[in-house]
Amino acid sequence: MNKENSRSSGKRAGRSVRRRTVRDLEECVRVLEDVHQSDGYPVNWPERPGEWLSHASLLGAWVAELDGRLVGHVSLSRSRKGDLAARLWSERNGVRRELATVVSRLFVAPQARGHRIGALLIGRAVEEAQRLGLHPVLDVVTSDTAAVALYERLGWELLATVEQRWSPHQTVAIHCYAAAP
């Protein structure tokens, strides 16, 4: 594990990560709206963003704070049948897909970038996956170059780049990644 990941649950320069609470959801949605306006993430705005952040397969969710302000979010979920990154990782390693866990819903407020908040959140999700005996995977749209750069800087392995049909009128290119072993 690299230095960025090893510090993921501690505090440094006014940064911290803690488990998300129900009381955080409204602020998480507000930050997500800012990210969507700035970066277009998520690509398709969810009809119920609070529910989108709290989906049924959720194993855990964390928020990052910078100087006491909520500025980021990440979640960890059980892999489901349609999770391509989990399938690719399990096929490559000859193990059951259920041994993978999906890192998702990662976002950082535009005004908080440059403080390694994304790395801190990813590190916390990786720690939890390891604690559960699972291997973290994720996917990201290829056009999200900042997220792609973060995952590669943290040593995540590119499994494949594929096109997925998200609707009859929308096909999106995505990168599938697995955390380094």
Side-chain angles (χ1 to χ4, degrees), residues 8-9 17-37 39-65 70-93 95-109 117-118 120-142 144 147 150-151 154 156 159-160 162-179:
S8 63
S9 24
V17 171
R18 62 175 171 77
R19 190 167 285 276
R20 188 189 76 200
T21 68
V22 173
R23 290 186 307 273
D24 294 321
L25 272 177
E26 186 176 320
E27 185 64 11
C28 287
V29 169
R30 190 196 63 69
V31 172
L32 183 61
E33 287 173 348
D34 290 346
V35 170
H36 183 70
Q37 291 291 326
D39 306 329
Y41 175 83
V43 172
N44 299 316
W45 183 254
E47 187 175 317
R48 293 181 187 89
E51 289 178 21
W52 184 77
L53 291 172
S54 303
H55 50 91
S57 62
L58 192 68
L59 293 171
W62 297 268
V63 294
E65 293 180 331
L70 192 148
V71 295
H73 179 276
V74 70
S75 68
L76 194 63
S77 305
R78 285 186 282 297
S79 66
R80 297 174 299 191
K81 188 175 183 179
D83 289 325
L84 183 57
R87 190 188 83 207
L88 291 168
W89 175 81
S90 70
E91 288 172 357
R92 184 172 290 184
N93 291 283
V95 297
R96 294 185 344 266
R97 179 187 46 80
E98 294 81 12
L99 292 177
T101 185
V102 180
V103 176
S104 63
R105 311 315 195 237
L106 173 66
F107 55 91
V108 175
I117 300 294
L120 193 68
L121 287 163
I122 288 285
R124 180 61 190 95
V126 168
E127 285 177 1
E128 182 67 9
Q130 291 171 340
R131 187 186 73 74
L132 295 170
L134 301 171
H135 193 88
V137 299
L138 58 83
D139 59 49
V140 59
V141 293
T142 58
D144 192 347
L150 171 65
Y151 305 139
L154 295 176
W156 285 63
L159 300 170
V162 299
E163 289 195 352
Q164 281 190 331
R165 181 169 292 281
W166 285 5
S167 76
H169 306 290
Q170 184 181 35
T171 300
V172 179
I174 63 166
H175 292 310
C176 297
Y177 285 94

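When a residue number appears, it is its place in the shown sequence, counting from 1.
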Item to complete: Using side chain to side chain donor-acceptor pair (under 3.5 Å) as the criterion, list what pairs up with T101, not counting sequence neighbours.
Response: none
Fill in: Non-neighbouring partners of E33 that pass side chain to side chain donor-acceptor pair (under 3.5 Å), sequence neighbours left out
none
Worksheet item: If we only count heavy atoms from C-beta on, is the V71 to V31 side-chain gap below 4.5 Å?
Response: no
Once rounded to the nearest 0.5 Å, what's the spacing between atom [atom1] of [X] and atom [atom2] of [Y]?
X	Y	atom1	atom2	answer
L59	R131	CG	CZ	9.5 Å
I117	I122	CD1	CD1	12.5 Å
Y151	D144	OH	CG	7.0 Å
L132	L99	CG	CG	11.5 Å
C176	L84	SG	CG	4.0 Å
W156	L150	CH2	CG	9.5 Å

Worksheet item: Should the pair F107 and Y41 be assigned to parallel (<30°), tilted (30 to 60°) or perpendicular (>60°) ring geometry?
Response: tilted
Fill in: All pairs passing salt bridge (Lys or Arg N to Asp or Glu O under 4.0 Å) where residues 47-57 contributes a residue, at least two apart
R48-E51
Item to complete: Taking all heavy atoms of Q170 and all of V43, pick out the closest pair and write down the distance.
Response: NE2-CG1, 3.5 Å
Response to the item:
Tested for side chain to side chain contact (heavy atoms under 4.5 Å, CB included) against Y177, the lone hit among V140, L159, V137 is V140
Discussion item. Do the side chains of E128 and R124 get close enough for a salt bridge, i.e. N-O under 4.0 angstrom?
Written reply: yes
Fill in: Pairing of R87 and E91 as salt bridge, 4.0 angstrom limit
yes
Discussion item. Given 3.5 Å as the limit, does a donor-acceptor pair link the side chain of T142 with the main chain of H175, or not?
Written reply: no
Item to complete: Please answer whether the main-chain N or O of A100 pairs with a side-chain N or O of R97 as donor and acceptor at a distance below 3.5 Å.
Response: no
